[in-house]
Colleague: 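Before anything else, here's the structure in question.
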Amino acid sequence: MSIDRHQEVAALLDWAGRWAGGRGDVAGLLLAGSWARGAARDDSDVDLVLLSDDPSVYDAASLEEESALGAFVTTRDWGPVTEWRFVRESGLEIELCVGTPDWASTSPVDAGTRRVVRDGVRPLYDPRGLIAGIVDACAG
């Protein structure tokens, strides 16, 4: 992995944690996938899951205003979360999945959530302990 890519992602994650912490609707933000488990390559995308009390405030236009994310590419509905995909000038792709705090429900744990958590997650902002709770619930 190049030092430039590593530094770019580190700066992005620092920004994302501060950004989430400044929003009253955010119940949690986590990093998932290869970057969370330390297996990322230069061409790996950054997978973020944002848990919001009001996911309806997020759309392509409002998220694209966050210049750290890059240019909007596409969106997909995954049931409990909506994926917003962005690409930065460097070519780094960012997948931001937005859902409600129910995504992290532990009774019962959703099968899709369990797959994401077991594949590797790292909390970036967890004021309510939701991410810690779902990680613990999926550990067994």
Side-chain angles (χ1 to χ4, degrees):
M1 154 115 30
S2 73
I3 289 179
D4 288 343
R5 179 64 83 200
H6 189 281
Q7 290 175 337
E8 179 181 12
V9 171
L12 170 70
L13 298 179
D14 180 61
W15 169 85
R18 287 183 285 109
W19 174 80
R23 298 188 57 88
D25 65 289
V26 175
L29 176 67
L30 63 92
L31 174 66
S34 62
W35 282 99
R37 62 177 188 275
R41 302 182 318 252
D42 277 346
D43 63 343
S44 296
D45 67 349
V46 175
D47 302 302
L48 300 170
V49 178
L50 177 74
L51 305 178
S52 169
D53 293 323
D54 187 7
S56 69
V57 301
Y58 299 96
D59 60 23
S62 67
L63 289 169
E64 196 169 31
E65 288 177 4
E66 303 301 334
S67 59
L69 294 174
F72 172 71
V73 177
T74 190
T75 187
R76 289 175 29 182
D77 183 12
W78 292 105
V81 296
T82 300
E83 171 192 321
W84 304 93
R85 186 165 286 271
F86 300 86
V87 64
R88 297 177 94 183
E89 194 172 295
S90 67
L92 177 65
E93 290 189 26
I94 301 163
E95 177 184 302
L96 176 63
C97 291
V98 179
T100 67
D102 290 343
W103 181 89
S105 177
T106 58
S107 56
V109 175
D110 175 77
T113 299
R114 184 179 303 278
R115 277 191 302 275
V116 169
V117 171
R118 285 192 170 165
D119 189 42
V121 297
R122 188 174 97 204
L124 299 176
Y125 178 70
D126 191 20
R128 300 181 196 173
L130 297 173
I131 298 166
I134 194 67
V135 168
D136 287 345
C138 292

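For the numbers below, each heavy atom of this structure counts, side chains included, while hydrogens, waters and symmetry mates do not.
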Colleague: How about V49 and W103: do any of their side-chain heavy atoms sit closer than 4.5 Å?
Modeller: yes
Colleague: For D102 and S105, test the side chains for any donor-to-acceptor distance below 3.5 angstrom and give the result as yes or no.
Modeller: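 No donor-acceptor contact under 3.5 Å links the two side chains.
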Colleague: Could you check whether any side-chain N or O of E95 sits under 3.5 Å from a backbone N or O of D47, counting only pairs where one atom can act as donor and the other as acceptor?
Modeller: no
Colleague: Are S52 and T100 packed together at the side-chain level, in the sense that at least one heavy-atom pair is separated by less than 4.5 angstrom?
Modeller: no
Colleague: Report yes if the side chains of T82 and T75 come closer than 4.5 Å at any heavy-atom pair, otherwise no.
Modeller: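 Side chain of T82 against side chain of T75, heavy atoms only: contact under 4.5 Å found.
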Colleague: Taking L50 as the starting point, is it possible to reach V9 by hopping between hydrophobic residues whose side chains are less than 4.5 Å apart?
Modeller: yes
Colleague: Side-chain contact test, heavy atoms from C-beta onward, threshold under 4.5 Å: evaluate it for P80 versus T113 and give yes or no.
Modeller: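 P80 vs T113: side chains apart.
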Colleague: Any chain of hydrophobic side-chain contacts (each under 4.5 Å) joining L69 to V87?
Modeller: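 No, L69 and V87 fall in different hydrophobic clusters.
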Colleague: Kindly give the heavy-atom pair with the smallest separation between V116 and A32, and that separation in Å.
Modeller: CG1-CB, 3.9 Å
Colleague: Enter the distance from R76:CZ to C97:SG here, rounded to the nearest 0.5 Å.
Modeller: 9.0 Å
Colleague: Can you name the closest pair of heavy atoms from S62 and D59 and give their distance?
Modeller: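 Reported closest heavy-atom pair: N-OD1, 2.7 Å.
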Colleague: What residues form a side-chain contact (heavy atoms from CB on, under 4.5 Å) with A36, not counting sequence neighbours?
Modeller: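 Testing A36 for side-chain contact (heavy atoms from CB on, under 4.5 Å), a comparison that skips the adjacent residues, returns L31, R122.
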Colleague: Which heavy atom in V121 sits nearest to a heavy atom in V117, and how many Å separate them?
Modeller: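 Heavy atoms only, the tightest pair is CG1-CA, 3.7 Å.
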Colleague: Assess the residue pair V26 and Y125 against the criterion (side-chain contact (heavy atoms from CB on, under 4.5 Å)); give the C-alpha distance rounded to whole Å, side-chain angles, the decisive distance to 0.1 Å, and a yes or no.
Modeller: CA-CA 9 Å; V26 175; Y125 178 70; 3.8 Å; yes
Colleague: With sequence neighbours excluded, tell me which residues meet salt bridge (Lys or Arg N to Asp or Glu O under 4.0 Å) with E8.
Modeller: R5, R88
Colleague: With heavy-atom distances below 4.5 Å as the criterion, would you say the side chains of L51 and L29 are in contact?
Modeller: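 Side chain of L51 against side chain of L29, heavy atoms only: no contact under 4.5 Å found.
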Colleague: Restricting to side-chain contact (heavy atoms from CB on, under 4.5 Å), what partner residues turn up for D14, sequence neighbours left out?
Modeller: R18
Colleague: If we ignore hydrogens and angles and just use 3.5 Å, is the side chain of D25 paired with the main-chain N or O of D53 as donor and acceptor?
Modeller: no
Colleague: Indicate the atoms forming the closest heavy-atom contact of P101 with R128, along with that distance.
Modeller: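 Heavy-atom minimum between the residues: CG-NH1, 4.1 Å.
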Colleague: Please name all residues satisfying ring pair (Phe, Tyr, Trp, His ring centres under 6.0 Å) with W19, sequence neighbours left out, ordered by chain then number.
Modeller: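 W19 satisfies ring pair (Phe, Tyr, Trp, His ring centres under 6.0 Å) with W15 only.
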Colleague: State, with a plain yes or no, whether a side-chain heavy atom of I94 is found less than 4.5 Å away from one of D45.
Modeller: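 I94 vs D45: side chains apart.
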Colleague: Identify the heavy atoms of G133 and T106 that sit nearest to each other, and give their distance.
Modeller: O-CG2, 3.7 Å
Colleague: Could you state whether L92 and F86 fall into the same hydrophobic cluster, counting links through intermediate Ile, Leu, Val, Met, Phe, Trp or Tyr residues with side-chain heavy atoms under 4.5 angstrom apart?
Modeller: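 L92 and F86: one cluster.
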Colleague: Applying side-chain hydrogen bond (donor to acceptor under 3.5 Å, both in side chains), can you list everything that pairs with S56, at least two apart in sequence or on another chain?
Modeller: D54
Colleague: Please tell me if the side chains of L96 and Y58 come closer than 4.5 Å, counting only heavy atoms from C-beta onward.
Modeller: no
Colleague: Sub-3.5 Å donor-acceptor pair from the side chain of R85 to the main-chain atoms of E93, do we have one?
Modeller: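 No: the side chain of R85 does not pair with the backbone of E93.
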Colleague: Check whether any side-chain heavy atom of V98 lies under 4.5 Å from a side-chain heavy atom of V81, and answer yes or no.
Modeller: no
Colleague: Do W35 and L30 land in one hydrophobic cluster if side-chain heavy atoms of ILVMFWY residues count as linked below 4.5 Å?
Modeller: no
Colleague: Identify, with sequence neighbours excluded, every residue that meets salt bridge (Lys or Arg N to Asp or Glu O under 4.0 Å) alongside D43.
Modeller: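 By the salt bridge (Lys or Arg N to Asp or Glu O under 4.0 Å) rule, D43 matches R41.
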Colleague: Walk me through whether R114 and D119 qualify under salt bridge (charged side-chain N to carboxylate O under 4.0 Å, His left out).
Modeller: CA-CA 8 Å; R114 184 179 303 278; D119 189 42; over 6 Å; no
Colleague: Above 12 or not: heavy atoms from other molecules or residues under 6.0 Å from CZ of R37?
Modeller: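 Count over threshold, so yes.
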Colleague: Are W84 and L48 connected into the same hydrophobic cluster when the rule is that any two of I, L, V, M, F, W, Y join if their side-chain heavy atoms are below 4.5 Å apart?
Modeller: yes
